[in-house]
Number of protein chains: 2
Amino acid sequence: MPRTALDTEPETPMRRFLLATTLALLAGTAAAEEGMWTFDNFPIAAANETLGTEIDQAWLDRVRLASVRLGGASGGLVSGEGLIFTNEHVVARCVEDLSTPQQNYVETGFTPASREGERRCPGMTAEVLTDIADVTARMQAAGTGLEGEAFTRARDAEAGRIESEACGDDASRRCQVVTLYRGGQFRLYTYRRYRDVRLAFAPEHRASAFGGDLDNFSFPRFAIDGAFVRIYEDDRPVATPAHFRWNPAPPRADQPVFLSGSPGATQRLLTQAQLATVADVMLPLEQLLNSELRGRLIQYGLQGPEQAFQAQGPLSSIENTYKRGYGRQQALIDARFMAARETAEAEFRRRVAADAALAAEIGDPWANLAALQPEVRRLYPAYYLLETRAGGGSQLFSWARDLVRGAEERARPSAERLPEYGDARLPQVEQRLFAERPTYPAVDEIQLAWWLSKTREILTVDDPRSRTLLGEESPEALARRLATGTRLGDPAVRRALWEGGLEAVRASDDPLIRFLLAIQPPTREARGAYEGRVQAPTDRATEALARARFAAFGTSLYPDATGTLRLTYGRVRGWTHEGRTVPHATTFDGLWDRATGAPPFDLAPRLAAARERIPADTVLNVAASTDTIGGSSGSPAVNAAGEIIGANFDSTVLTQRNAYGYDPNVNRSVLVTAAAVTAALRHAYGMDHLLAELGVSRDGRRTR
Amino acid sequence: MPRTALDTEPETPMRRFLLATTLALLAGTAAAEEGMWTFDNFPIAAANETLGTEIDQAWLDRVRLASVRLGGASGGLVSGEGLIFTNEHVVARCVEDLSTPQQNYVETGFTPASREGERRCPGMTAEVLTDIADVTARMQAAGTGLEGEAFTRARDAEAGRIESEACGDDASRRCQVVTLYRGGQFRLYTYRRYRDVRLAFAPEHRASAFGGDLDNFSFPRFAIDGAFVRIYEDDRPVATPAHFRWNPAPPRADQPVFLSGSPGATQRLLTQAQLATVADVMLPLEQLLNSELRGRLIQYGLQGPEQAFQAQGPLSSIENTYKRGYGRQQALIDARFMAARETAEAEFRRRVAADAALAAEIGDPWANLAALQPEVRRLYPAYYLLETRAGGGSQLFSWARDLVRGAEERARPSAERLPEYGDARLPQVEQRLFAERPTYPAVDEIQLAWWLSKTREILTVDDPRSRTLLGEESPEALARRLATGTRLGDPAVRRALWEGGLEAVRASDDPLIRFLLAIQPPTREARGAYEGRVQAPTDRATEALARARFAAFGTSLYPDATGTLRLTYGRVRGWTHEGRTVPHATTFDGLWDRATGAPPFDLAPRLAAARERIPADTVLNVAASTDTIGGSSGSPAVNAAGEIIGANFDSTVLTQRNAYGYDPNVNRSVLVTAAAVTAALRHAYGMDHLLAELGVSRDGRRTR
């Protein structure tokens with residue numbers, strides 16, 4: 001629990017430093033090397049001064065156009081022929097989808113001998129940000145005078161209109177209204193969208209995930225977490241004149257580095273009252289429930305190799321979420337960190353109070369948000385269970401929900417729909433629905449049984465919503481009936497139901513479709529209640545906070561991350577914490593040393609076979625002080641010259657606090673180097689055609 | 001997270017009431033109906049005044065001598081021939097131990113036609129408290145002038161000496177030095193000890209656990225959680241002239257009720273700083289880890305009926321712990337509850353500060369405890385993982401630890417041993433070790449794999465202790481090797497190793513024995529560090545707090561629960577919370593209504609078959625305002641006349657806060673009535689010989 005320690009702890013240099021920097025940060029201004037900046041408000045001068053670089057607007061434009069959003073992650077174009085460098089873990093689902101127990105690319109790596117062997121990743125899209133337009137005035141006007149659900153609906157409708165007006169039904173573009181500064185600003189982002197993304201290379205999974213969950217979120221690290229995909233149109237590679245030059249030289253300590261990617265979500269602008277709800281209610285609930293699902297998946301995977309193969313993807317995902325949550329929980333009980341945050345809020349409030357006109361204009365959003373928290377705490381569990389976590393991660397459930405809700409929503413005008421089914425968003429829905437990927441109903445059964453039983457447990461068995469979900473069935477029996485009875489694993493069935501619309505959906509006797517139809521009332525109600533009674537008043541208050549922040553601290557502020565393109569800057573560097581100093585880089589030497597042979601510390605066979613050929617001092621992973629969070633995975637790591645020197649793939653457990661505030665002492669991103677990937681491509685995987693495309697000669701030098 | 005809401009919340013009647021009563025409580029004095037009182041300091045007058053009863057010292061003595069401690073739970077003697085009434089869940093392990101997949105008493109109930117069919121419960125003991133002596137002066141003197149581990153060791157040694165002097169090696173008695181008021185007082189409790197405890201009756205498990213984990217910790221409730229055991233000596237039932245008269249009349253609303261049992265542990269005397277550590281570190285860690293084990297056991301149980309049978313016991317146990325923890329976590333984020341606790345502490349401190357002599361004598365234990373908390377937080381995870389939770393609940397591991405540590409410790413003089421292996425405690429160790437009970441190595445394997453992997457995860461993979469545990473093996477491989485390779489499932493093997501002592505243990509090639517030998521250094525070190533650097537200074541400070549509490553509030557205080565005999569009083573009554581009113585009792589009618597047929601709401605077959613014979617309005621369970629906690633299970637519910645009218649078996653989720661403070665508005669124990677048990681014995685299970693022994697005629701009247 002966050003608690004103030006300011007009045008009991010001694011003054012130390014570290015403490016002064018932390019307080020000073022975090023204070024600056026938390027009030028909304030950024031310390032050096034802090035911030036996930038939008039490309040239209042990047043602090044060029046400050047970055048150049050801090051790093052000694054000379055980047056300019058043209059540099060920014062080039063980096064932006066070579067940066068790619070890959071679903072919830074990031075990548076960078078690295079050739080003129082649509083080649084994109086990203087992390088293996090970003091394409092892990094694709095590798096699994098293309099694999100069978102007989103031809104298991106997870107085990108062997110995906111290493112086609114030529115471009116002809118590249119294979120399409122089901123459901124994957126790649127997006128390049130081409131335009132940014134300010135739509136703040138339109139969006140704020142849409143909500144004027146409205147409250148509750150009406151406010152949310154009006155805003156959603158306006159966003160849908162803006163997106164439709166800009167993109168129409170052009171499936172090659174994506175238009176997205178982006179909320180910045182928690183409602184302080186709105187932008188229309190337009191992307192060039194590519195829907196044929198093919199896997200070009202992935203190493204053995206054990207090479208990219210060496211150390212497994214234990215080494216996840218840690219450093220020193222020894223993971224070749226790099227992969228390549230390529231974008232196609234009309235069955236031909238897309239010409240991409242804007243791309244990064246590949247630089248396989250090892251990064252040096254203190255070298256400036258920029259990461260250009262799509263960090264998912266931070267909560268730095270939350271008030272202390274809001275953060276207390278995260279600490280008391282949201283994170284504990286999510287962690288406790290996910291921990292049980294983790295146990296179920298682990299035990300299932302122990303039943304045999306087939307089960308282990310099926311469980312691996314969902315298990316990795318949940319372990320990642322769980323460990324991130326664990327790091328965040330540690331931050332929230334760190335008295336020093338939370339005290340700095342509290343002091344920063346007090347300073348912000350002091351500044352606002354000192355400006356009578358400003359104070360009168362914005363009122364007291366802090367008090368409004370504090371008063372709202374009991375309602376948030378009351379409504380969150382049902383919202384989480386019935387809406388955001390519904391289905392427990394089951395792929396079959398997700399498809400069924402898209403089919404049922406999509407059909408119900410498309411029967412209404414676009415502006416009146418749930419926003420994710422507005423006309424401008426339908427191409428993404430279809431991309432998900434029509435993807436040809438394998439399903440493993442036994443895994444869906446576990447996810448559904450877990451979700452049903454936890455929902456009943458938390459809402460209580462006598463809650464009418466529990467009864468709507470389960471009727472007289474047990475969670476286990478219902479989950480089995482749904483997962484084994486549904487035919488939605490067949491893409492043709494999904495396509496027919498989608499194209500058949502509401503009539504086809506209502507006529508379907510598929511048990512999962514029938515189930516989704518039956519649970520629409522309680523799930524939509526839980527969402528409506530949360531959006532109307534929590535989200536809308538929260539948006540109102542945070543909009544006022546955003547205005548106050550601009551007034552009190554000027555406009556050179558960065559917004560919370562929202563899964564859209566950002567640029568962050570810093571240096572390659574290690575750190576010292578609690579007396580332990582960690583150097584900035586690891587080499588292959590360290591990898592060989594760490595391999596015990598027992599999973600997850602067993603070497604990938606092809607990599608192990610290349611041991612003698614890979615120079616032992618090749619730099620494998622490096623740490624950097626850049627400001628990143630989940631979603632930044634695959635972000636191109638760019639040097640001052642605009643060349644790619646690696647990709648972000650992780651951060652440390654101590655860095656997880658950066659959801660709530662940047663701590664310069666311990667914030668470190670973890671990157672895989674272009675040097676390591678080059679060595680692996682050449683010595684372990686024989687990917688000479690990719691090396692040639694990257695402009696790297698046999699001796700590791702650049703050829704262009 | 002606990003947080004003060006006093007300055008923002010409006011004054012309401014409920015709030016005033018809560019503050020007033022909780023304030024009284026928390027400073028150490030008790031509100032009406034509050035308190036788990038020792039029998040030598042029971043507030044006879046206050047109880048009589050509150051309840052309108054006329055109990056006296058003779059009444060207390062009779063109740064004490066008819067009350068029985070059953071391991072970590074409670075029971076009451078109900079005949080002159082050693083018959084004890086308790087909960088089915090208290091004997092559930094025994095029922096499992098006596099069952100096989102072919103003859104599964106868990107499913108059928110254990111209903112022998114006569115006394116000759118009663119069967120011994122492996123490892124079970126029954127203890128009746130016969131004497132209480134004050135040993136405060138000796139115990140406090142033993143620690144004088146010592147700090148850290150030396151302090152803990154000296155106290156443990158003195159307790160061992162006191163126990164040995166009093167009981168010698170008389171296995172028919174047990175002597176136990178009990179710490180009260182967190183070190184404010186010490187008592188020597190002497191018990192008459194019975195080591196041959198036989199199962200006399202258990203209903204079908206589905207009758208006693210109807211509603212399963214979902215209905216656990218809830219009310220209205222419909223569980224026939226009653227069972228009988230009998231104590232034997234020399235193969236004959238023990239004569240027990242002191243026993244409760246069985247009263248099968250239904251309890252009425254507001255009827256006075258006393259519970260006499262052995263509540264396990266409360267933490268009401270913790271300071272706010274100590275409680276913050278519970279809230280921030282201890283509970284979250286335990287809940288998160290246990291949640292994963294729960295998932296593993298659930299998934300294992302779904303593999304088939306044999307696995308379900310094996311997993312049931314450990315799963316029930318962990319679900320119970322988990323749900324209790326969930327209720328406690330809810331209390332710790334209840335701003336109102338925590339604010340009252342904070343105010344109470346402030347009032348206590350104010351009183352001490354107002355008495356200059358007292359303040360000078362005790363110093364500032366609150367500050368000392370607050371300053372200690374960073375160390376507690378740092379050391380707790382390793383202590384929990386390597387010591388208190390070591391083995392993950394594996395029965396085989398526990399035996400191995402007793403064998404290895406027992407052998408190492410017995411090589412030293414009694415006073416220098418770990419206290420649990422002092423001479424006076426060895427009979428209990430032997431009772432555990434020599435118990436003939438089945439083992440299911442597949443379950444041990446799950447528990448061990450979970451424990452090993454979580455320990456490595458939390459301590460981190462590079463911690464030397466992780467390496468000592470695992471060597472180069474994976475948790476899964478090591479767990480399998482230990483669980484399948486050990487021969488400790490055979491009681492003869494355990495007995496030979498115990499009797500062979502250190503030499504036999506060191507010569508053993510049993511993999512689990514070798515493993516336990518290998519991990520002694522890090523596990524003993526984790527324990528020593530915690531005891532020396534956390535427990536000893538905590539004991540010092542809380543001893544001062546206890547002195548201050550007696551000085552400030554007088555001596556009519558009750559101590560925190562410690563697993564020893566206590567008496568609590570209250571009334572049979574429902575409650576109103578958040579606008580919902582819950583009546584005081586349920587009947588069989590309600591049970592039939594609630595049965596959906598899907599587990600855990602399916603009726604037990606024999607009970608269902610008796611449906612027409614059991615009067616539908618027979619009172620099944622009642623709620624009472626008595627002050628209970630885990631360990632109170634099976635506590636005889638006694639009326640003003642000293643007759644047994646039921647047994648405590650649970651409380652509500654809202655009651656879980658009573659670990660930290662009694663809340664008269666929501667605190668409710670849940671009892672199974674003698675009325676319901678009588679009906680079940682007669683109509684469902686044909687236990688006429690027991691009914692006769694209880695003095696109940698065929699028409700349900702008492703015959704004596």
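Residue numbers begin at 1 in each chain, while the letters A, B, ... track the order of the sequences.
- The candidate with the highest count of non-hydrogen atom pairs below 4.5 Å against chain A, out of Arg456(B), Glu476(B), Gln287(B), is Arg456(B).
- With Pro314(B) as the fixed residue, the side-chain contact (heavy atoms from CB on, under 4.5 Å) test singles out one of Leu297(B), Asp444(B), Leu293(B): Leu297(B).
- The candidate from Val461(B), Leu214(B), Thr460(B) with the greatest count of non-hydrogen atom pairs under 4.5 Å with chain A is Leu214(B).
- For Arg657(B) and Phe337(B), the positive end sits near the middle of the six-membered ring, less than 6.0 Å away and at most 45° from its axis.
- For Leu470(B), no part lies near chain A; criterion is any non-hydrogen pair under 4.5 Å.
- Looking at Glu473(B), only its backbone comes within 4.5 Å of chain A, counting heavy atoms on both sides.
- Using a 4.0 Å cut-off between a side-chain N of Lys or Arg and a carboxylate O of Asp or Glu, Asp462(B) and Arg467(B) qualify as a salt bridge.
- Between the CG atom of Asp213(B) and the CD1 atom of Ile318(B) there is a distance of 11.5 Å, given to the nearest 0.5 Å.
- Lys323(A) has no carboxylate O lying under 4.0 Å from a charged side-chain N of Asp650(A), or vice versa, which leaves the two without a salt bridge.
- Both the sub-6.0 Å distance and the 45° axial angle are not jointly satisfied by Arg341(B) relative to the ring of Tyr660(B).
- No part of Asn290(B) comes within reach of chain A, as not one of its non-hydrogen atoms sits under 4.5 angstrom from that chain.
- Salt-bridge annotation for Glu292(A) and Arg296(A): present, with a side-chain N of the basic residue lying under 4.0 Å from a carboxylate O of the acidic one.
- Contact annotation for Gln303(B): only side-chain heavy atoms (C-beta onward) come within less than 4.5 Å of a heavy atom of chain A.
- With a threshold of 4.5 angstrom between heavy atoms, Ile458(B) approaches chain A through side-chain atoms but not through N, CA, C or O.
- In this structure, chain A has a heavy atom under 4.5 Å from the side chain of Pro600(B), while its backbone stays farther away.
- Interface remark: Val281(B) contributes side-chain atoms only to the contact with chain A (heavy atom separation under 4.5 Å).
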